[in-house]
Amino acid sequence: MSQFYQKKYQPMMRNLSNKKLAGVCSGFAERFDMPVWLVRLLTLLVFFKFPVLIVIAYGLAACCLPTKTIGS
């Protein structure tokens, strides 16, 4: 069986323990097992190309995603 199927599924959540604005990038990085700095950098680079799209997507994610409690 492949390694992909052995991982436990994690839902997408905002991470409030490692946040800069709303914890969206931190939660995304934790969900997909990426470094937080890389997700923030990619978000910033895409923001320079599509600023309105990123602001809308980040705002929706900040409003709609559940928060992960600090310490869990």
Side-chain angles (χ1 to χ4, degrees):
M1 184 173 265
S2 73
Q3 195 174 20
F4 175 76
Y5 293 110
Q6 293 174 356
K7 288 185 178 181
K8 183 183 173 201
Y9 174 75
Q10 293 179 327
M12 179 70 182
M13 300 180 95
R14 294 187 303 136
N15 187 353
L16 297 180
S17 63
N18 190 14
K19 69 174 188 168
K20 293 292 182 184
L21 292 176
V24 174
C25 289
S26 178
F28 189 88
E30 185 176 318
R31 165 66 173 92
F32 292 104
D33 197 28
M34 298 171 63
V36 177
W37 66 268
L38 180 62
V39 174
R40 289 178 179 149
L41 178 67
L42 291 174
T43 303
L44 186 64
L45 292 175
V46 174
F47 173 77
F48 289 135
K49 184 70 175 174
F50 306 105
V52 175
L53 178 67
I54 294 300
V55 168
I56 291 171
Y58 195 92
L60 283 173
C63 291
C64 297
L65 289 177
T67 58
K68 180 180 179 180
T69 57
I70 297 173
S72 65

Exercise for the section: Find out if a path of hydrophobic residues (ILVMFWY) with successive side-chain heavy-atom gaps under 4.5 Å connects Met34 to Val36. Expected result: no
Problem - ILVMFWY cluster, Phe48 and Tyr58 together (side-chain gap under 4.5 Å) - result: no
Handout entry: ILVMFWY network linking Leu44 to Phe50, side-chain heavy atoms under 4.5 angstrom
Key = yes
Exercise for the section: Report yes if the side chains of Val55 and Phe47 come closer than 4.5 Å at any heavy-atom pair, otherwise no. Expected result: yes
Exercise for the section: Report yes or no: do Phe32 and Leu38 belong to one cluster of Ile/Leu/Val/Met/Phe/Trp/Tyr joined by side chain heavy-atom distances under 4.5 Å? Expected result: yes
Practice task
Consider only side-chain heavy atoms of I, L, V, M, F, W and Y, link residues closer than 4.5 Å, and tell whether Val39 and Leu65 are in one cluster.
Solution key: yes
Practice task
Measure the shortest side-chain to side-chain distance between Lys20 and Ser26 over non-hydrogen atoms and say whether it is less than 4.5 angstrom.
Solution key: no
